[in-house]
Amino acid sequence: MPANNHIPLSVPNLSGNEWTYIRNCLDTNWVSSVGAYVEKFEKSVAAFTGARYAVATSNGTAALHISLMLAGTGPKDSVLVPDLTFVAPVNAIKYTGAEPLLVDVDKNTWQIDLPLLENFLEKETRQKEKSCIHKSTGRTIRAVLPVHVLGNMCDMNALREIAKKFNLLIIEDATEALGSRFEKKHSGTFGMTGCFSFNGNKIITTGGGGMIVTDSEKIAKHAKHLTTQAKSDPSEYVHDEVGYNYRLVNILAAMGLAQMELLPSFLERKKEVSDLYRQELSSVPGIKFQHTAQNVSSNNWLFTVSVPRHRKLIEFLRKNRIETRPLWKPMHRLKMFRKCTYISRNDVSSSLYNNCISLPCSTGITNAELLSVIKKIKSFYGK
Ligand SMILES: Cc1ncc(COP(=O)(O)O)c(C=O)c1O
């Protein structure tokens, strides 16, 4: 690798049938919101995840928004969501008029802190006619929305128990976790719906895109209806509720289908990248890796470590043409969510934000590139 080559953080790998399938859309003129690839892509995601149904959407945020609507979320409700996340699920909660209840994360797995969540529900809520009422606000807590941060997962059995006990629906933000499993069950298949994203930096990409998966035919049909402007007549322009233009177009679905064919190889490569980083960086003083429980198989989406002086390291690597990035600023520290309830004991999300850095981990990265990143990191720490 030439010394001045730029090493990006995470870029698409379009080495399969993308051109062939997209060309087929152009050749046949099926470029827009209907076409055979939409259904093929949906079927392929359903088959891969083991969900009965899949509904393609224009992006992951739209998948979350529609899922929250399908759960009946409205202005008198609240939804539990981790404090450490990309902002999209918290925005989606706001789109419905509901209030986010921000839950701190576990210091080892970086996922929603389940004992903390349960303690909050025990002390701060009461059950009324199969609804969970937040005592201090009188709001109904409609759902819990776990985010599988960086492709890792929390104990989904424990989360399901909690949700059952407190009458909460589960909507999974599995946007970063295509290919991740808890006890062999795929992310996104534990609750009412699971949401995926095919944004450019995700494990597979359609440029922009998303998917809702569910085992309920009723939910799937309603999701399709809402994402396609709620048209209720096959030929006439008659609509029966306020719908959305959240479709995924055929060209992008064609790309998605090609990417799904590559997903098993992407998962293998992501694991190799993570293993190599873990092995080679373990000697860096003060480094901490994200802990993955034994019954979780992560897709290793974006390799991230906690290290001393992480901002200085980001700057040092940038000067060496290596792209990295910090974690998301915790939601309770963003100005529009500052007044939201933040359920926390030690503000773990801020400590992770203050120490974590994501390293280059594209599926197309070479071992030579990885070793050069590792060498630079070690040199920064005088190793
Ligand atoms: C945790 C999380 N939720 C939601 C999204 C939103 O997905 P999209 O960008 O496809 O709308 C993303 C990423 O983009 C994400 O990382």
Side-chain angles (χ1 to χ4, degrees), residues 9-12 41-42 45 54-69 73 79-96 100 102-106 109-112 143-154 170-180 187-188 190-191 193-213 223 227 244-249 252-253 255-256 259-260 270 290 298-304 325-332 334 337 349 352-353 356 358 361-362:
L9 179 70
S10 180
V11 288
F41 184 36
E42 288 173 340
V45 173
V55 176
T57 58
S58 49
N59 53 58
T61 311
L64 288 162
H65 182 200
I66 292 296
S67 293
L68 286 158
M69 290 184 61
T73 315
V79 175
L80 294 148
V81 64
D83 184 55
L84 186 75
T85 173
F86 178 61
V87 71
V90 190
N91 280 339
I93 293 167
K94 278 289 197 181
Y95 301 163
T96 67
L102 305 168
V103 187
D104 203 1
V105 296
D106 177 83
T109 63
W110 313 351
Q111 310 299 300
I112 191 166
V144 54
L145 198 161
V147 179
H148 303 312
V149 176
L150 304 171
N152 199 3
M153 294 174 76
C154 68
I170 299 176
I171 295 167
E172 283 174 76
D173 182 334
T175 50
E176 300 176 359
L178 183 64
S180 303
S187 69
F190 289 84
T193 60
C195 304
F196 295 99
S197 163
F198 312 118
N199 173 38
N201 66 6
K202 296 296 185 286
I203 192 156
I204 70 161
T205 185
T206 57
M211 191 82 72
I212 299 172
V213 296
T227 53
Y244 297 80
N245 181 7
Y246 279 173
R247 298 170 173 98
L248 185 73
V249 296
L252 300 184
M255 185 168 164
Q259 289 272 286
M260 281 304 286
K270 286 279 189 191
Q290 186 183 29
S298 168
N299 69 354
N300 298 295
W301 168 57
L302 194 62
F303 189 80
T304 304
R325 68 175 215 199
L327 271 186
W328 317 278
K329 188 164 190 175
M331 295 302 106
H332 77 278
L334 300 185
F337 304 135
S349 63
L352 292 170
Y353 170 64
C356 285
S358 301
C361 56
S362 310

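On a predicted model such as this, the values are computed, not experimentally measured, just so you know. The residues of the chain are indexed from 1 along the displayed sequence. Read the numbers this way: they start at 1 and go in the same order the structure lists the ligands and their atoms.
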Starting from [atom], what is the nearest protein heavy atom, named by residue and atom, and what distance separates them?
atom: atom 2 (C) of ligand 1; value: Thr175 OG1, 2.9 Å
atom: atom 3 (N) of ligand 1; value: Asp173 OD2, 2.7 Å
atom: atom 6 (C) of ligand 1; value: Thr61 OG1, 3.4 Å
atom: atom 16 (O) of ligand 1; value: Glu176 OE2, 2.6 Å
atom: atom 12 (C) of ligand 1; value: Phe86 CD2, 3.4 Å
atom: atom 13 (C) of ligand 1; value: Lys202 NZ, 2.7 Å

Any atom of ligand 1 sitting under 4.0 Å from a heavy atom of [X]?
X: Cys195; answer: no
X: His148; answer: no
X: Gly210; answer: no

Looking at [atom1] of [X] and [atom2] of [Y], how far apart are the two atoms once the value is rounded to the nearest 0.5 Å?
X: Leu84; Y: His332; atom1: CG; atom2: NE2; answer: 10.5 Å
X: Trp328; Y: Ser358; atom1: CH2; atom2: OG; answer: 7.0 Å
X: Ile203; Y: Asn299; atom1: CD1; atom2: CG; answer: 4.5 Å

Quick check: do [X] and [Y] have side-chain heavy atoms less than 4.5 Å from each other?
X: Leu68; Y: Leu145; answer: yes
X: Lys202; Y: Phe196; answer: no
X: Phe41; Y: Met211; answer: yes
X: His65; Y: Asn91; answer: no
X: Thr193; Y: Val55; answer: no
X: Leu9; Y: Leu302; answer: yes

Report, in ascending order of atom number, the atoms of ligand 1 lying under 4.0 Å from any heavy atom of [X].
X: Asn59; result: 10 (O), 11 (O)
X: Ala88; result: 4 (C), 5 (C), 6 (C)
X: Gly209; result: 10 (O)
X: Val147; result: 1 (C)

For this session: Check for a donor-acceptor pair, side chain of Asn59 on one end and backbone N or O of Ser197 on the other, with a separation under 3.5 Å.
Result: no
Problem set entry | Min N/O separation Gly60 to ligand 1 under 3.5 Å | yes
Exercise. Under 3.5 Å, N or O to N or O, is Ser197 touching ligand 1 that way?
Worked result: yes
